[in-house]
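Single-structure report; data block below.
Small disclaimer: the values here were computed from a predicted structure and weren't measured.
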Amino acid sequence: MKSKKIKNSSQASEYFQNNNYIVLTEALSKEVASLLFMYLKNKKETWKYLLKKKLVSPFEHIHGTFNDPKVPNTFSIYGDVLMDTMMIRLQPHLESITGLTLVPTYTYTRLYKYGDILRRHKDRDSCEISFTLNLGGDSWPIFLEPTGEKGKKGVSINLNAGDLLVYRGVHLEHWREMFEGNECGQVFCHYNDLNGPFQNSNLFDKRPMIGLPNYTIGKDD
């Protein structure tokens, strides 16, 4: 089953409330998406160089990591400054689409490689309302089950560079089957609903500010 892609419209909020997800085409221009994709690839190469030359601790993670247990040996970044900034910049647009007042939590960016699989799962509290944005690379559909029920086939959503999928991450199972392309860049931006059960308790994922690595969670500013 294929999902219906919807551009921004007055019906977008109603569609999201009824279906628990919505696809926004051209949320970013192809030029901006391409720039972010190049940034992500360069970030990966600089991190590899720093590790190879032993100029940084492999446990520092501020530049990225290859040790994400969900997708082993794939470059990923928690709370990248640029991606966190984009999360804030896109928040008003997401609020107009969802009809919700949102609280920004964190971003997570991956540069997927051939053979990667994203297991079927639901997210933690800080990912109540999320979007995944395609930055570029080879096509790789994401699946989700809009009913929130486990084990169903779900819908397949294929995003082009600059497209994003907004979904309720703590309620809907979502996953990706084995990636058969060479590389694919995706950034996840996460929010809470200000009027939901988590309200303002996870602002910036409990970091003092945006752009900080995950080992600053719970630290006083």
Test side chain to side chain contact (heavy atoms under 4.5 Å, CB included), reference M86, set V81, L36, V32, output is L36
Separation between CG (L102) and SG (C189), nearest 0.5 Å, reads 11.5 Å
Among I210, N192, V103, find the one that has a side chain to side chain contact (heavy atoms under 4.5 Å, CB included) with L203. V103
Between L118 and F179, is any pair of side-chain heavy atoms under 4.5 Å apart? no
Please report the closest heavy-atom contact between D116 and W140, naming both atoms and the distance. O-CZ2, 3.4 Å
Taking the hydrophobic residues Ile, Leu, Val, Met, Phe, Trp and Tyr, and joining any pair whose side-chain heavy atoms are under 4.5 Å apart, which ones share a cluster with V170? none
Do any N or O atoms from the side chain of K206 and from the backbone of I217 form a donor-acceptor pair under 3.5 angstrom? no
Quiz item: cation-pi between R119 and W175, 6.0 Å / 45°: no
Between R89 and D84 (side chain of the first, backbone of the second, donor and acceptor by atom type, cut-off under 3.5 Å), is there such a pair? no
Are the aromatic ring centres of H174 and Y167 under 6.0 angstrom apart? yes
Can you sort out the partners of K43 under side-chain contact (heavy atoms from CB on, under 4.5 Å), two or more places apart, ordered by chain and number? Y39, F75, I77, D80
Got a salt bridge between K113 and E183, using NZ or NE/NH1/NH2 to carboxylate O under 4.0 Å? no
Strictly by ring pair (Phe, Tyr, Trp, His ring centres under 6.0 Å), give each pair with a member in residues 182-217 just once, sequence neighbours left out. Y106-H190
Any donor-acceptor N/O pair, R207 side chain to T216 backbone, under 3.5 Å: no
